[in-house]
Amino acid sequence: MTTTGSHMPGGNTAYEGEGFAYLSPDHALHIIDRQIDRLGSTRTGLPRTVKCWSVSLVLEVPTDRGPLWFKAVPPVFAHEGRVTDWISRLLPGLVPEVVSFGRGWSLTTPLPAELKEPVGHPLDAVADLQLATIGQEDAILALGCPDRRLPVLLADIADLVRRTDLLPTAERDALAAQLGLLDQLCQITDRQAMPATLIHGDVNGENSRWTAHGWMHIDWTDACLAHPSVDLAQPLLDVDDRLSKAVESGFYETWAAQVPPQDLAVIRAVAPVLGAAHQAGTYRRIIDEVGPADDHALMLRLWTRRLTAALEAAQSNCILQGETR
């Protein structure tokens, strides 16, 4: 999925008329040169394509003051540059320095060197950011982040069940049979003392690196206002039970000063359901925006199956049995 080289990608001007540089080399170069000129610098060669696929174009741009990184994304992710810039001022070092940004694009400094022997887990820094954004719902939405709190999460899955073009009939029927339970679990979660915050939405090894400033996170395309526990979904994907428990424990320890133990126990029990539902909603949105290429359709089915399995497991969870009676 990653294309590398010393040249720009082939043209795709689907979004150029809307002001987006997404996969449009001419428009991307126009933005890059205008911004570099504004900074008093000069581009010294053609950008190198770091990544070019259905949801982003990433270029390394040589300048007389050192390289810069340019990223362009589809309209559904147009808030990424503004969000990254906001985070850089809220928690310096957590994200790359943003040189400039616009609707659907950003220009940043290069990533710092990745150090060996990291301390903790990348999710630790994400939890710190979540705590730092408690009570800032209006500011997060003003950045252009989607509102994906629990009512929207439930609505996304209900919409997925109604759609006949995304899932096989058997998988859609199995999920439809569990919508009532998902509604109950969302209501239960809403009663616990963990507020919605800014979330990353795609915490994984490619998007995280250990640096001299601690954990740095890139790729904030999925940033939104949502329940904090949904950020556990990607880090816990396909990890063994021992590592899963360690990662979960670190995440909930960060929240322990804000949320009573009994509430954390309930949230921990329902988190697999919320995380899978959130990811299924993410891939449904991506498919609607850019299509099913690059395994988006496969990932939607994977998270839908995980959601159905998590809902089935929730029915036998002793903590949740007490809450759903």
Side-chain angles (χ1 to χ4, degrees), residues 1-2 50-51 53 55-58 60 68-73 76-101 104-134 136 139-140 143-146 148 196-237 239 243 246-248 250-255 271 275 278-279 282 286:
M1 292 188 295
T2 301
V50 177
K51 190 164 190 173
W53 67 314
V55 293
S56 69
L57 167 65
V58 182
E60 183 181 36
L68 295 172
W69 284 51
F70 175 84
K71 182 176 183 180
V73 293
V76 69
F77 301 134
H79 57 289
E80 182 183 15
R82 185 180 299 277
V83 172
T84 307
D85 180 64
W86 187 74
I87 295 170
S88 71
R89 289 179 277 110
L90 183 67
L91 292 178
L94 182 61
V95 297
E97 179 185 349
V98 179
V99 174
S100 58
F101 65 87
W105 63 267
S106 59
L107 196 65
T108 69
T109 56
L111 300 180
E114 187 167 16
L115 304 181
K116 296 180 179 179
E117 300 181 4
V119 176
H121 188 274
L123 196 62
D124 299 341
V126 172
D128 289 338
L129 175 65
Q130 292 176 350
L131 290 173
T133 60
I134 290 175
Q136 299 200 54
I140 294 167
L143 294 170
C145 290
R148 297 188 61 189
T197 66
L198 180 67
I199 71 153
H200 182 282
D202 191 19
V203 181
N204 64 60
E206 289 187 359
N207 294 335
S208 311
R209 66 168 50 194
W210 177 251
T211 76
H213 302 288
W215 286 107
M216 175 173 280
H217 291 275
I218 62 170
D219 194 4
W220 292 84
T221 52
D222 293 326
C224 62
L225 179 65
H227 193 273
S229 68
V230 303
D231 257 336
L232 286 162
Q234 285 284 13
L236 299 186
L237 182 64
V239 301
L243 180 57
V247 172
E248 281 187 290
F251 176 82
Y252 291 118
E253 282 174 11
T254 304
W255 272 96
H278 184 90
Q279 290 296 325
T282 293
I286 291 174

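The figures that follow rest on heavy atoms only: side chains count, while hydrogens, waters and symmetry mates do not.
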- Item | Closest approach of Pro146 to Ala223 (non-hydrogen atoms, all atoms of both residues) | CD-O, 3.4 Å
- Would you say Leu232 and Tyr252 make side-chain contact, with heavy atoms under 4.5 Å? yes
- Nearest 0.5 Å, what's the CE-OG distance between Met216 and Ser208? 11.0 Å
- Message: Quick check: closest heavy atoms across Asp202 and Asn207, and the distance to 0.1 Å?
- Response: O-ND2, 2.9 Å
- Query: Got a second to check how far Ile199's CD1 is from Gln130's CD, nearest 0.5 Å?
  - Reply: 7.5 Å
- Item | Parallel, tilted or perpendicular, as decided by the 30° and 60° cut-offs, for the rings of Phe70 and Trp105 | parallel
- Note on the structure: Closest heavy-atom pair, Pro96 versus Thr109, reported as atoms and distance to 0.1 Å, is CB-O, 4.0 Å
- Show your working on side-chain contact (heavy atoms from CB on, under 4.5 Å) between Leu94 and His217 and close with a plain yes or no. CA-CA 6 Å; Leu94 182 61; His217 291 275; 3.6 Å; yes
- Any donor-acceptor pair under 3.5 Å linking the side chain of His79 with the backbone of Gly104? no
- Query: Which distance, rounded to the nearest 0.5 Å, do you find between the CD1 of Ile140 and the CG of Leu225?
  - Reply: 5.0 Å
- Item | Cation-pi geometry met for Lys51 and Trp53 (6.0 Å, 45°) | yes
- Of all the heavy-atom pairs spanning Thr133 and Leu198, show the shortest one and how long it is. OG1-N, 3.2 Å
- Query: Between the side chain of Arg209 and the main-chain N/O of Ile218, is any donor-acceptor distance below 3.5 Å?
  - Reply: no
- Note on the structure: Rounding to 0.5 Å, atoms CG (Leu243) and CG (Leu236) come to a distance of 8.0 Å
- Item | Val55 vs Thr221, side-chain contact (heavy atoms from CB on, under 4.5 Å): CA-CA, chis, key distance, verdict | CA-CA 9 Å; Val55 293; Thr221 52; over 6 Å; no
- Query: Are the side chain of Asp231 and the backbone N or O of Gly201 linked by a donor-acceptor pair below 3.5 Å?
  - Reply: yes
- Task: Measure across Ile286 and Phe77 and return the closest heavy-atom pair with its distance rounded to 0.1 Å.
- Result: CG1-CZ, 3.8 Å
- Donor-acceptor contact present, side-chain His278 to main-chain Ala226, <3.5 Å: no
- Reported NE2-to-CD1 distance for the pair His200 and Ile87, which is rounded to 0.5 angstrom: 8.0 Å
- Polar side-chain atom of Ser56 near backbone of Val58 as donor-acceptor pair, under 3.5 Å: no
- Item | Pairwise distance CG(Asp219) to NZ(Lys71) - rounded to 0.5 angstrom | 3.5 Å
- Query: Under 3.5 Å, is there a donor-acceptor pair between the side chain of Glu80 and the main chain of Trp220?
  - Reply: yes
- Message: Holding to side chain to side chain donor-acceptor pair (under 3.5 Å), I want the full list of residues that pass it with Glu60, two or more places apart in sequence or in another chain.
- Response: Arg48
- Any idea which heavy atoms bring Cys145 and Cys224 closest together, and the distance? CB-CA, 3.9 Å
- Tested for side-chain contact (heavy atoms from CB on, under 4.5 Å) against Asp85, the lone hit among Val98, Leu90, Thr108, Leu143 is Val98
- Message: If only side-chain N and O atoms count, and only distance matters, is there a donor-acceptor pair under 3.5 Å linking Arg82 with Ser106?
- Response: no
- Query: With Ala139, which residues qualify under side chain to side chain contact (heavy atoms under 4.5 Å, CB included), at least two apart?
  - Reply: Trp86, Gln136
- Message: Would you call the rings of Phe251 and Trp255 parallel, tilted or perpendicular, taking 30° and 60° as the class edges?
- Response: tilted
- Message: The criterion is side chain to side chain donor-acceptor pair (under 3.5 Å); which residues satisfy it with Gln279, sequence neighbours excluded?
- Response: Gln234
- Donor + acceptor pair across side chains of Ser229, His227 (<3.5 Å): yes
